[in-house]
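As the structure lists them, so they are numbered: ligands from 1, and atoms in each ligand from 1. For the single chain, residues carry numbers from 1 onward in sequence order.
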Amino acid sequence: MRLTDKVAIITGAGAGIGRATALLFASEGAKVVAVDLDLQAAEAVVAEVGASSLAMAIQADVSVLADVQRVVAETLDRFGRISILFNNAGIVPHGKIHQTTEAEWDRTMAVNVRSMYLMCHEVVPIFLKQGGGDILNTASAAALRSVVDRAAYSASKGAVVALTKSMALDYVRDRIRVNCLCPGTVDTPSLGQRLAAFPDPVEARKQFVARQPMGRLGTAEEIAQAALFLVSDEAAFITGIAFSVDGGFTV
Ligand code: NAI
């Protein structure tokens, strides 16, 4: 029970890494606020947690200021405080830069980067008032190593790493730790969608696996375990890191 009585906002909690983290944090005693664009998905996770009094689902687009403000207000109404902010919602667009439309570029930056600005902008003042808190952002191995057909995505995740490091230093004396995760390829619903976009999804999956030094993809649960460590008291001396959980992909 490493997160007893902590209140954790998790964005993108309806599927994949966010879902696995919501379930793990709840099993460690956290009160989880599962935020997702897809309300049904978030509610399903809350139902899975089992004790709905200790978890709540909120529908929100985290790239929209009014939605983010509502998430923070509803969390404070329900639980009175926020201990952990896990900025995890993200999208993975495909394409080289000349294939990326302006709309795709803008949406990628909005969901993957602007959302983190908005969430942090609204939550940090609460952390400052409370005397501390933990922020964890989901970046990607693609921020650290080139991956083909991920131009907008890699740029957005590079921004997440830089924002993480910048914020970590800004608040290092305020008992606010800011870290990010850099997962390698993880078997989640979003990966399924990416594979489905290939002419031969079965072959594409083989290619994804072939580029993994460990010869396999990661699981959402493995990323969730790293998230748990980084927001727990065991990681109290860790801030500003880009924590790779990638089966050796960036070695
Ligand atoms: P997923 O697509 O399986 O789940 C993401 C969830 O976020 C979905 O439930 C979706 O509805 C929600 N979401 C999307 N846009 C949103 C928005 N604007 N507001 C609120 N919720 C929104 O994704 P997955 O794979 O679990 O990815 C989670 C994070 O991990 C993302 O930031 C992704 O970039 C990152 N990541 C994923 C990797 C992978 O291989 N799956 C590898 C490295 C990083």
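A distance-only check finds no donor-acceptor pair linking the side chain of D174 to the backbone of I176 [under 3.5 Å]. Listed for the S154 side chain is no donor-acceptor partner under 3.5 Å among the backbone atoms of A151. Remark: side-chain polar atoms of S244 are not paired, donor with acceptor, to backbone N or O of D246 under 3.5 angstrom. A donor-acceptor pair under 3.5 Å is absent between the side-chain atoms of E28 and the main chain of L3, judged by distance alone.
Within the structure, the closest approach of A139 to ligand 1 falls below 4.0 Å when heavy atoms are considered. For T11, the heavy-atom gap to ligand 1 stays at 4.0 angstrom or more. Under a 4.0 angstrom heavy-atom cut-off, L191 registers as lying outside contact with ligand 1.
Using a 4.5 Å cut-off on side-chain heavy atoms (C-beta onward), M56 and V46 make no contact.
Comment: D187 does not engage R194 in a salt bridge, judged by the lack of any side-chain N to carboxylate O separation of less than 4.0 angstrom. The existence of a salt bridge linking K31 and D5 is confirmed by a sub-4.0 Å separation between a basic side-chain nitrogen and an acidic carboxylate oxygen.
Proximity of R114 to ligand 1, defined as any heavy-atom pair under 4.0 Å, is not found for any part of the residue. Here Q59 has no heavy atoms under 4.0 Å from ligand 1, in either its backbone or its side chain. Only the side chain of K157 comes within 4.0 Å of ligand 1, counting heavy atoms alone; its backbone N, CA, C and O stay farther away. Residue contacts with ligand 1 for N88 involve both N, CA, C or O and side-chain atoms from C-beta outward (heavy atoms, distance under 4.0 Å). With a 4.0 Å heavy-atom cut-off, ligand 1 is reached by the backbone of A60 but not by any atom from C-beta on. Within the 4.0 Å heavy-atom criterion, neither part of A41 lies near ligand 1.
Numbered from 1 in the order shown, with element, the atoms of ligand 1 that lie under 4.0 Å from a heavy atom of G90 read 31 (C), 32 (O). Heavy-atom proximity to P189, at under 4.0 Å, picks out these atoms of ligand 1: 3 (O). Annotation for ligand 1: atoms under 4.0 Å from non-hydrogen atoms of A89 are 21 (N), 22 (C), 32 (O). Every atom of ligand 1 is numbered from 1 in the order shown, and the set under 4.0 Å from a heavy atom of G16 is 3 (O), 26 (O). Which parts of ligand 1 touch T185 is read off a 4.0 Å heavy-atom cut-off, strictly below it: atoms 40 (O).
For atom 44 (C) of ligand 1, the nearest non-hydrogen atom from the set Y153, F249, F208 belongs to Y153. The option from S156, S140, G184 that lies nearest to atom 38 (C) of ligand 1, judged by heavy atoms, is G184. When the heavy-atom distances from atom 30 (O) of ligand 1 to I10, L181, T138 are ranked, the shortest goes to T138. Closest heavy-atom approach to atom 39 (C) of ligand 1 within the set R19, R107, Q193, R194: this belongs to R194. Evaluated by nearest non-hydrogen atom to atom 26 (O) of ligand 1, the leading choice among I17, V111, L39 is I17.
Closest protein heavy atom to atom 1 (P) of ligand 1: S190 CB, 3.5 Å.
Counting non-hydrogen atoms of neighbouring residues, nucleotides and ligands closer than 6.0 angstrom, the CZ atom of R175 reaches no more than 12 such neighbours. Taking a 6.0 Å sphere around OH of Y117, one finds it holds 12 or fewer heavy atoms contributed by other residues, nucleotides or ligands.
The shortest N/O to N/O separation between L37 and ligand 1 falls below 3.5 Å. Geometrically, ligand 1 and T188 share a nitrogen or oxygen pair separated by less than 3.5 Å.
Aromatic ring orientation, F25 versus F86: tilted (interplanar angle from 30° to 60°). Using cut-offs of 30° and 60° for the angle between ring planes, the F229 and F243 rings count as tilted.
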Go through N88 and T21 one step at a time and tell me if the side chain to side chain contact (heavy atoms under 4.5 Å, CB included) criterion holds. CA-CA 10 Å; N88 167 73; T21 306; over 6 Å; no

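The side-chain tip of R81 does not point at the ring of F79 from less than 6.0 angstrom away and within 45° of straight on.
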